[in-house]
Amino acid sequence: MSDIFQETILHHYEHPSNKGKIENPDVKISDTNTLCGDKVTMYARLNGRVLEEVKFDGAGCAISMASASLLTERAKGMSIRDVIELGQRDVLEMLGLESLTPMRIKCAMLGVRTLQKGLIEYESKKPV
Amino acid sequence: MSDIFQETILHHYEHPSNKGKIENPDVKISDTNTLCGDKVTMYARLNGRVLEEVKFDGAGCAISMASASLLTERAKGMSIRDVIELGQRDVLEMLGLESLTPMRIKCAMLGVRTLQKGLIEYESKKPV
Amino acid sequence: MSLDAERLREDFPILRRTFHGKRFVYLDNAATTQKPSCVIDRLSEFYRLYNSNVHRGAYTLAEEATDLYEKSRANISAFIGGKPEELIFVRGATEAINMVAYSYALARLEKGDTILSTEMEHHSNIVPWQLLQPHGLRLDFVKLSGKGELSLEDFKEKITRRTKLVTFTHASNVLGTINPASEFAKIAHDNGSKVLVDGAQSVPHMPVDVRELGADFYAFSGHKMLGPMGIGGLYAKSDLLEEMAPFQGGGEMIKEVGLDASTWAEPPQKFEAGTPNVAGSVGLSEAVDYLRRLDMSRVREHEKRLSAYALQELESQEGVRVFGPGDPERRGGVISFEVKGVHPHDLATILDREGVAIRSGHHCAQPVADWLGVSATARASFYIYNDHTDIDSLISALGMVRKIFGRRA
Amino acid sequence: MSLDAERLREDFPILRRTFHGKRFVYLDNAATTQKPSCVIDRLSEFYRLYNSNVHRGAYTLAEEATDLYEKSRANISAFIGGKPEELIFVRGATEAINMVAYSYALARLEKGDTILSTEMEHHSNIVPWQLLQPHGLRLDFVKLSGKGELSLEDFKEKITRRTKLVTFTHASNVLGTINPASEFAKIAHDNGSKVLVDGAQSVPHMPVDVRELGADFYAFSGHKMLGPMGIGGLYAKSDLLEEMAPFQGGGEMIKEVGLDASTWAEPPQKFEAGTPNVAGSVGLSEAVDYLRRLDMSRVREHEKRLSAYALQELESQEGVRVFGPGDPERRGGVISFEVKGVHPHDLATILDREGVAIRSGHHCAQPVADWLGVSATARASFYIYNDHTDIDSLISALGMVRKIFGRRA
Ligand SMILES: Cc1ncc(COP(=O)(O)O)c(C=O)c1O
Ligand SMILES: Cc1ncc(COP(=O)(O)O)c(C=O)c1O
């Protein structure tokens, strides 16, 4: 049954990676999934255009929390550009899922969309 | 067909009785049938509690005009009380009809309801 | 290829009824249209298999219903050239216009700003604006002229710097007149005014593209285009939806609710408070598919031909006077007329005995009746399932009217 | 005699569906209920035989439709103890409450007057009042206390001379709590305040008599009581309807329209602008007949028994916490709960795989969730076609939840 709650997701839900705050982060941004009430805050410390450290905080369902946790692992060391280009396919792949219903896809995308918004804001504020 | 447009109604529609104004009437009152746009003004001159003269003016469908016309004939000489007690059955009888649809009943009752309203107002204003 | 109305009638169960022993000839399509079996069946199917509340359920049925609802939105919006998120589901054209009145005009305009409507409007495009007058908004009306066209001259005169919104019907439900909507919209936009088009009598009857027309807002009713009752749409440009205030408050339209303050969901949800009429949206989407299969240009051609025939036949009748423009190119399939010496209600009653359903009255457009100088008119209005034989029935029933009233006149 | 839910299920085609190979157990009745065949068929019949616009047609079909519409109004109004002319047809409870907000509160109250709502309300009974705050009306909320009851003490404290309207839900859609509506109404009336009761969760589930309750306004949704989507009612006392201002402007609600000014039709028409949802009214009337045949006291008894069983079973599960009052006498068939360590969404997803449909979220009542100190709850809600076996399915599906999440916790 429920292939959706397989090992990776449950593991990251119960033992999230990089959960917590970053002191004096370059990026700090929160968002909620209105439909569900999932809440997430994404933190990043940058070195030039590269994400040196990524953390998250929040509360929500297994899908939203596991995907935020997986994202922090994945995004570390990536460039801003590459993180901004992450899409649904990438997130599903991280989660080890083939598909999700439209409702749950929103949970899965909460972390990455939030981080992307934060990076875009960061870029637009940075003196060129 | 259309027993509704029988002789009496067509006659009174085309040759209405007592159509016109009464100068210095005791009762003068207008009303419209919103659904149809039928308009009627009823006039009455009273002698004590008896209607001595009744006229009507207005424009509308055959049913409303014929029933107003028939009413002026019928009401002449009646007491206020008796006019106020006239109901659907009486009006249908005057028109020589057994029944009317709810929509057309409103047309048929326009004249009598208006005159009744006028008489009630007249009574309430009269010093006792 | 023209429409085969006789074939199409088979899709409409109600048209198999008889009244007073006569074949049913339904000519009150401007009021509401009949429904094809596919729409009726789709509604049943929805309730038998997919009925659920939308957007919030985490179970399969709710996902299915949400999917149906949002696909219906996209389909119906595309039918008039809009994007999915530009369509708000409402009860009908009336609610659509009231929404613009409250959420845009009342919330965003300033005291002294003017709304320019016209004398050709349905009450739904007059009364909502009158209700704003006590709040300091002004209201003016473009005049009727000629055989029942809006006066372009008067329009240009009445539009001023204070005119923030111009609102007019795409097609008149009394005179049949089709207004040059894109021309009017251009004048309004050049003046810096927003444009609301009442499409209740156009979306069902001709190809409509809101972008080509240049409408900022566009209102229509599902029940006048083969769809169920209780569903319709307000198209609005995205940037306007962003800036508009909510209309009704409640579930679905919020982002977060606190006791002190709340924030709103993104459009279109922001304007859809409460449980939506999902079944209605699905039924209307089915109606749109049906119309699309017929092809709206052919629908328009069909009605043009019918109108031409009806105009010609009616005008050849003694004592009959037809209102509105004479040229079928410039009018829709709505024909108001009067028969000398016979009140429209009496006319309608006699026609009903012959199986012919027409409307009589002011058709919720009293200012048009006032302009015509009548208190009521008789009105025949056509749709895809009407054909020449229906008009022949109408004409022969008018013979009966003459028999009853005429011999005495 | 108690309800035979298994027999009743045969009337509901959707309940024959299976999901993921499992029998469908629908436990989201507080969101919307399923429809019996008689309601679905009645809708089809309306469109196949009686579809017409109402009130204005002079032909037989329009008379028939008008008759159906007004008989439906009388029937539905009588179901809650009202007179025909006291029932306004609306889309649902949300629109009903918004109508009171605009037509009564905004139009008739004065700056500084207060509306007293409660922390127990659905967003539909919070946001419409918040939208009035910029117009100078004040808003206050009676507190929740105990296991999820409204604090009588706080109510008595918060009601002041400026409190012109008290509004509260008859039954909570999250906690299940049934409020002592007539007691509250009496306090409000003694204070000179009008009373609006949100009956969305009561009319479907128990005998309701607006006069006994002492409600001045009463709001409810058809889709939550076996009826179609897109139809509901606002009951209001006649004298209030007289004094209220129109809500939406348009056809049907007018007496006479001039360009300068218009006059209004009598209630209820005054509040029903635009073509009404006649089919919806007919479908809801059929639903009311179905419920009347079942007998609303038996419906209430049935749900009470089900709730008692569900409460007992849920509370005996490890890690399950049930919210709301414990006594089935004082609660309706709505049970919110949480399972330790499992987010309500994940719970709902796993249950769905077992064929059990429950809701998770804030249920459009964020202040209740805030009071409970959670961001979401799981909610099972019952209706006439549910029975003990459905609750057994729920409980055994919870076992699956434990299997997946539990072994790790
Ligand atoms: C031109 C026009 N506008 C608006 C309306 C109102 O539509 P509805 O009654 O469906 O809201 C109608 C039809 O009644 C109409 O003909
Ligand atoms: C208590 C309560 N009030 C109001 C509503 C709103 O009803 P609707 O969405 O049908 O307008 C609901 C249901 O959603 C409810 O549970």
Side-chain angles (χ1 to χ4, degrees), chain C residues 13-14 17 19 28 31-32 34-35 40 43-44 47-49 51-53 56-61 91-92 94-95 98 122-124 126-128 130-131 141 221 223 228-230 248-251 254 256-257 259 262 273-275 277-280 345 348-349 352 357 359-361 364 366-367, chain D residues 13-14 17 19 28 31-32 34-35 40 43-44 47-49 51-53 56-61 91-92 94-95 98 122-124 126-128 130-131 141 221 223 228-230 248-251 254 256-257 259 262 273-275 277-280 345 348-349 352 357 359-361 364 366-367:
Chain C
I14 206 170
R17 279 194 70 175
F19 285 96
D28 193 14
T32 199
Q34 298 305 336
K35 320 303 172 200
I40 303 173
L43 280 178
S44 295
Y47 285 124
R48 276 187 292 105
L49 295 177
N51 177 64
S52 166
N53 216 316
R56 285 168 190 282
Y59 46 89
T60 307
L61 184 66
R91 182 166 35 242
T94 300
E95 188 177 36
N98 278 276
H122 188 277
H123 293 162
S124 299
I126 296 176
V127 182
Q130 289 179 336
L131 293 178
F141 297 92
S221 297
H223 70 95
M229 291 175 147
Q248 299 189 19
I254 58 94
E256 286 196 75
V257 171
L259 295 176
S262 301
T275 302
N277 185 351
V278 186
H345 288 326
T349 300
D352 179 49
R359 176 140 303 213
S360 62
C364 297
Q366 282 189 357
Chain D
I14 207 170
R17 278 194 72 176
F19 286 95
D28 193 15
T32 199
Q34 299 305 337
K35 320 302 172 202
I40 303 174
L43 280 178
S44 296
Y47 285 124
R48 278 189 290 103
L49 296 176
N51 177 63
S52 166
N53 215 316
R56 285 168 190 281
Y59 46 90
T60 307
L61 184 66
R91 184 168 31 245
T94 301
E95 187 175 38
N98 278 275
H122 188 276
H123 294 161
S124 300
I126 296 175
V127 182
Q130 289 179 336
L131 293 177
F141 297 92
S221 297
H223 70 95
M229 290 174 145
Q248 299 190 20
I254 58 95
E256 285 196 73
V257 171
L259 295 175
S262 301
T275 303
N277 185 352
V278 186
H345 287 325
T349 300
D352 179 48
R359 174 139 307 208
S360 62
C364 297
Q366 281 190 356

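Each chain gets a letter, A, B and so on, in the order the sequences are listed, and its residues count up from 1.
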Taking all non-hydrogen atoms of both residues into account, name the closest pair between [X] and [Y] and its distance.
X      : Y      : answer
D:M229 : C:A279 : SD-N, 3.6 Å
D:C364 : C:G251 : SG-CA, 4.1 Å
C:I14  : D:N51  : CD1-N, 3.5 Å
D:A348 : C:A58  : CB-CB, 3.6 Å
C:T94  : D:G249 : CG2-O, 3.4 Å
D:S262 : C:V127 : OG-CG2, 4.3 Å

Quick check for you: among [options], which has the greatest number of heavy-atom pairs under 4.5 Å with chain C?
options                       : value
D:K35, D:H345, D:H122         : D:K35
D:L131, D:I254, D:V278, D:L61 : D:L61
D:G361, D:S360, D:A273        : D:A273
D:G92, D:G280, D:S221, D:P13  : D:P13

Between [X] and chain D, with a heavy-atom cut-off of 4.5 Å, which part of the residue counts as in contact: side chain, backbone, both or neither?
X      : value
C:L49  : both
C:R91  : both
C:Q34  : both
C:L259 : both
C:Y47  : both

Residue pair D:T60 / C:D352, side-chain donor-acceptor N/O under 3.5 Å: yes
Qualifying residues under salt bridge (charged side-chain N to carboxylate O under 4.0 Å, His left out), relative to C:D28, sequence neighbours excluded: C:R359, C:R379
Top contributor to chain D interface from C:L43, C:V257, C:I126 [non-hydrogen pairs under 4.5 Å]: C:V257
Interchain contact, D:R48 with chain C, by part (heavy-atom threshold 4.5 Å): both
Exam field: side chain C:N98 to backbone D:Q248, donor-acceptor pair closer than 3.5 Å: no
